[in-house]
Amino acid sequence: MLRRTMAEFDINAGLQHVLKQIELTLQKRSKEIIAPKPLLVAVSKTKPAECIIEAYNAGQRHFGENYVQELVEKSQHPDILSKCPEIKWHLIGHLQSNKINKVLKLPNLHMIQTVDSEKLANSLDAAWSKVQPTPSEPLRVLVQINTSEEDAKSGVDASTAPSLYQHIRTNLKNLQAVGIMTIGAYGFDYSNGPNPDFISLMKVHSSICQANNLPAESVMVSMGMSNDYDRAIEMGSTIVRVGTAIFGYRAAKA
Ligand SMILES: *Cc1c(COP(=O)(O)O)cnc(C)c1O
């Protein structure tokens, strides 16, 4: 069986390939889509600090983790702290209320992509007011939407997302709503046409822009992973979360 182990996987080559694909996809994207160049978040879950440092040295700055415990360990790892001073961490997994304080204290925390309830937003707002750096800077958040309506997935319903977005914008001064995010159903077969999760998220994007009178390019859209980040960009994604295509296969979580 042909399987590359982590040590053999060329992270720099993986990263350059993804960056090139993003560029190529942007060039052929419909000009009707008004959106900035997508931000690449390298998803480093299950990968050790050396892999993150390797990607950082190849120019990558934004990294995402979906387990709080891994984010806690990696963001405070002495080698990462010393060798990756400009690293920017994104939490892309579910955040339980009892972990908020742990997460908000972490160095180089850039964005929480998974705000999925008013209660969580309120708690984050209160917690950030106590730990935010001076001069004060709001905490960037995305509202996570469960576009595939699977019970096992986190996220608010597409229909309630605009009101949660508005709540954050108007009532929570310590948070900055910068966009929306979906994970979507796994393994969508593209021979069936465009991904319905992406269509659904783009609809929410329009509603939010209209309801809040915001230009399209000011609300970020986080959708697309290794197997479909190009399709997501074609539809208007401005944040892609890519793991496997940069770091190689992950061992199944034990
Ligand atoms: C693991 C993960 C990704 C990246 O998945 P790949 O298929 O390895 O690119 C993106 N987003 C979330 C929320 C994830 O948990």
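Ligands are counted one by one from 1 in listed order, and the atoms in each one are counted from 1 as well. These numbers were taken from a predicted model, which means no experiment stands behind them. The figures that follow rest on heavy atoms only: side chains count, while hydrogens, waters and symmetry mates do not.
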Working for side chain to side chain contact (heavy atoms under 4.5 Å, CB included), residues Gln113 and Leu91: CA-CA 6 Å; Gln113 294 207 4; Leu91 180 66; over 6 Å; no
Working for side chain to side chain donor-acceptor pair (under 3.5 Å), residues Ser44 and Glu65: CA-CA 6 Å; Ser44 47; Glu65 288 287 341; 2.7 Å; yes
Step-by-step side chain to side chain contact (heavy atoms under 4.5 Å, CB included) determination, Thr114 to Met181: CA-CA 7 Å; Thr114 48; Met181 176 268 208; 4.1 Å; yes
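Counting atoms of ligand 1 from 1 in the listed order, those under 4.0 Å from a heavy atom of Val242 are 9 (O). Near Arg241, with a cut-off below 4.0 Å to any heavy atom, the atoms of ligand 1 are 4 (C), 9 (O), 10 (C), 11 (N), 12 (C), 13 (C). Under a 4.0 Å criterion applied to the non-hydrogen atoms of Gly243, ligand 1 contributes the atoms 4 (C), 6 (P), 8 (O), 9 (O). Close contacts between ligand 1 and Ile183 involve ligand atoms 13 (C) [criterion: under 4.0 Å to a heavy atom]. Under a 4.0 Å criterion applied to the non-hydrogen atoms of Thr244, ligand 1 contributes the atoms 6 (P), 7 (O), 8 (O), 9 (O). Those atoms of ligand 1 with a heavy atom of Ile92 less than 4.0 angstrom away are 11 (N), 12 (C), 13 (C), 14 (C).
Remark: the Thr147 side chain and the Thr182 side chain contain an N/O donor-acceptor pair separated by less than 3.5 Å. There is a side-chain donor-acceptor pair under 3.5 Å between Ser191 and Asp189.
A distance of 11.0 Å separates CD1 of Ile145 from CG of Asp197, quoted to the nearest 0.5 Å. Taken from CZ in Phe63 to CD1 in Ile80, the straight-line distance is 8.0 Å, to the nearest 0.5 Å.
Residue contacts with ligand 1 do not include Gln113, since none of its heavy atoms lies under 4.0 Å from the ligand.
Here the protein heavy atom with the shortest distance to atom 9 (O) of ligand 1 is Ser226 OG, 2.5 Å. Atom 10 (C) of ligand 1 has as its closest protein heavy atom Met225 SD, 3.1 Å. Of the protein's heavy atoms, Lys45 NZ, 1.4 Å lies nearest to atom 1 (C) of ligand 1.
At a heavy-atom cutoff of 4.0 Å, ligand 1 is contacted by the side chain of Asn66 but not by its backbone. Neither the backbone nor the side chain of Asn227 has any atom closer than 4.0 Å to an atom of ligand 1 (non-hydrogen atoms only).
Ring pair His110/His62 is perpendicular by interplanar angle, where above 60° counts as perpendicular and below 30° as parallel.
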